[in-house]
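Here is the structure we will look at, set down as structure tokens.
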Amino acid sequence: MAAYAATYFDSGRSSGRRIEERNARLFAEQQRLRRGATLEVFFPKRIDNSRLVKAPDTVRIREMRLFTAAVTVLFSLVMFYGLQHFSSIEMGYSVEAKKTQVEALREQNRQLRLTEAQLSQPRRIDAMARQMGLVELQPNQVVRVTDHVNTSDAGAPALAQISPTAGTVR
């Protein structure tokens, strides 16, 4: 069968004319290939489906809505499970991080208590005070505030004053 290629001049003709020429060419080719003379007739049939309207298939629509609802519910359940699963994993990591943080704070607290105990030793404080030139208090250097307050003027405001009876500070 010979191939047909439309040329520039053929493209200007109507589609009906081209179909007729093609059918005639095919008919001639078929007659040449056959042994006997058999008459074949080709009738072009033009079908116009533009006025057809598809009837809605209510059963199919109901099935598709049911399937969509089922897939939506399944997807929601899978996503909810995934959310719960990953949040529990994240919570586990958070708990472990908090445990390590608590242990670090306990160790730091232990170190601070040890440092406080070392720094508050009375022998160490006494040695440092002597290096700085400080001496122990004498009993006459201590002045008690309650000794100088009159009991009759307990509610009245008091002014600061120097009394010659107080011992001198060295």
Side-chain angles (χ1 to χ4, degrees), residues 3-12 14-15 18-19 22 46-170:
Y4 172 72
T7 62
Y8 175 74
F9 299 108
D10 291 340
S11 64
S14 69
S15 64
R18 281 191 300 230
I19 291 171
R22 180 177 176 273
R46 301 196 192 289
I47 299 173
D48 182 22
N49 289 336
S50 64
R51 292 180 302 248
L52 294 179
V53 177
K54 182 179 177 185
D57 187 4
T58 57
V59 174
R60 173 89 172 152
I61 291 172
R62 188 179 311 120
E63 287 175 354
M64 290 306 294
R65 286 183 180 161
L66 184 64
F67 177 74
T68 303
V71 168
T72 303
V73 168
L74 181 66
F75 180 74
S76 299
L77 289 175
V78 167
M79 294 312 274
F80 182 73
Y81 170 76
L83 176 69
Q84 293 294 320
H85 179 70
F86 290 125
S87 65
S88 69
I89 290 173
E90 182 181 355
M91 190 66 67
Y93 283 129
S94 174
V95 166
E96 287 300 318
K98 297 292 183 193
K99 283 182 181 178
T100 57
Q101 184 179 9
V102 165
E103 286 302 318
L105 289 173
R106 282 185 181 158
E107 179 62 27
Q108 182 182 8
N109 192 11
R110 190 183 70 77
Q111 290 292 332
L112 289 174
R113 286 180 191 266
L114 182 64
T115 304
E116 178 190 15
Q118 288 175 348
L119 293 176
S120 64
Q121 288 179 350
R123 281 185 277 155
R124 182 183 160 279
I125 294 172
D126 188 44
M128 288 179 67
R130 291 190 191 279
Q131 286 176 352
M132 294 168 55
L134 299 175
V135 293
E136 289 185 35
L137 285 177
Q138 300 301 320
N140 62 354
Q141 290 179 323
V142 177
V143 177
R144 295 212 164 100
V145 178
T146 57
D147 293 342
H148 297 292
V149 176
N150 286 334
T151 57
S152 63
D153 295 334
L159 295 175
Q161 19 179 313
I162 298 176
S163 66
T165 59
T168 59
V169 179
R170 296 182 195 169

Item checked: Heavy-atom neighbours of Gln111 CD exceed 12 at 6.0 Å ->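 For Gln111, atom CD is crowded (more than 12 foreign heavy atoms under 6.0 Å).
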Notebook entry, point to check: Should we say atom CD of Gln84 is surrounded by more than 12 heavy atoms from elsewhere, each under 6.0 Å from it?
Noted result: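 Yes - once you tally the heavy atoms of other residues, nucleotides and ligands closer than 6.0 Å, there are more than 12.
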Separation between [atom1] of [X] and [atom2] of [Y], rounded to the nearest 0.5 Å:
X	Y	atom1	atom2	value
Thr115	Gln108	OG1	CD	10.0 Å
Thr100	Lys98	OG1	NZ	9.5 Å
Glu116	Asn109	CD	CG	9.5 Å
Asp126	Gln131	CG	CD	10.5 Å
Ile47	Leu52	CD1	CG	10.0 Å
Ser94	Ile89	OG	CD1	13.5 Å

Next item on the list: State whether the side chain of Thr68 and the backbone N or O of Met64 hold a donor-acceptor pair below 3.5 Å, judged by distance alone.
Entry: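 Flag set: sc Thr68 to bb Met64 pair under 3.5 Å.
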Notebook entry, point to check: Hey, are the side chains of Tyr81 and Leu77 touching, using non-hydrogen atoms and a 4.5 Å cut-off?
Noted result: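 Answer no - side chains too far apart.
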Margin query: Glu107 vs Arg110, test: salt bridge (charged side-chain N to carboxylate O under 4.0 Å, His left out). Steps then yes/no.
Written below: CA-CA 5 Å; Glu107 179 62 27; Arg110 190 183 70 77; 2.9 Å; yes
Notebook entry, point to check: What is the minimum heavy-atom distance between Gln118 and Arg124, and which atoms define it?
Noted result: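 That would be O-CD, 3.5 Å.
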Check: Which heavy atom in Ile61 sits nearest to a heavy atom in Pro56, and how many Å separate them?
Finding: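 Nearest heavy atoms, Ile61 then Pro56: CD1-CB, 4.5 Å.
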